[in-house]
Amino acid sequence: SCHTGKCPTGVATQDRLRQRGLVVEDKGQRVANFHRNTLQALAELVAAAGLAHPRQFRPEHIVRRVETHHINLFSSIYPQLEPGDLVEGRKVPEVYARNWALARADSFARDGASI
């Protein structure tokens, strides 16, 4: 809910009352713990995939469950694009074309309204 301006911890709010909930010493340690655990989980994923470094991950290393007993490789869901395909208007798979048509440089809003 932080994006709504009602962040319960005060981290992402402009509301002065909610900002008082932010205790830097406490949150700093929590952030450090979260970051350390995230890196540990990443190291485990890299090792489980038989890789030496996260930059070696490719779409074929990642799967998405689409039904209870069915998965798809990301490489089949999101085919590789060539540099410039989107900006130069080349024919691209529907999975990209649909979202590219909705994208705006001046807004992240889904309905096109400026944020």
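Just so we're clear, the structure is a prediction, and the values are computed from it rather than from any experiment.
For Q80, the CD atom is loosely surrounded, since the number of other residues' heavy atoms within 6.0 Å does not exceed 12. Atom NE2 of H35 sits in a sparse spot, with 12 or fewer heavy atoms from other residues, nucleotides or ligands closer than 6.0 Å.
Smallest separation of non-hydrogen atoms from P79 and V95: CD-CG1, 4.2 Å.
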Exercise for the section: Begin from the C-alpha positions of R30 and N33 and carry the test side-chain hydrogen bond (donor to acceptor under 3.5 Å, both in side chains) through to its verdict. Expected result: CA-CA 5 Å; R30 287 181 173 195; N33 291 341; over 6 Å; no

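A distance of 10.5 Å separates CH2 in W100 from CG in D85, rounded to the nearest 0.5 Å.
No chain of hydrophobic side-chain contacts below 4.5 Å, direct or via other Ile, Leu, Val, Met, Phe, Trp or Tyr residues, connects L73 to F57.
Qualifying ring pair (Phe, Tyr, Trp, His ring centres under 6.0 Å) partners for Y78, counting only residues two or more places apart in sequence or in other chains: F74.
Annotation: side chain of Q40 is in contact with side chain of E44 (closest heavy-atom distance under 4.5 Å). A 4.5 Å side-chain heavy-atom check between Y96 and L81 finds at least one atom pair inside the cut-off.
Among pairs with a residue in residues 46-72, none fulfils salt bridge (Lys or Arg N to Asp or Glu O under 4.0 Å), at least two apart in sequence or across chains.
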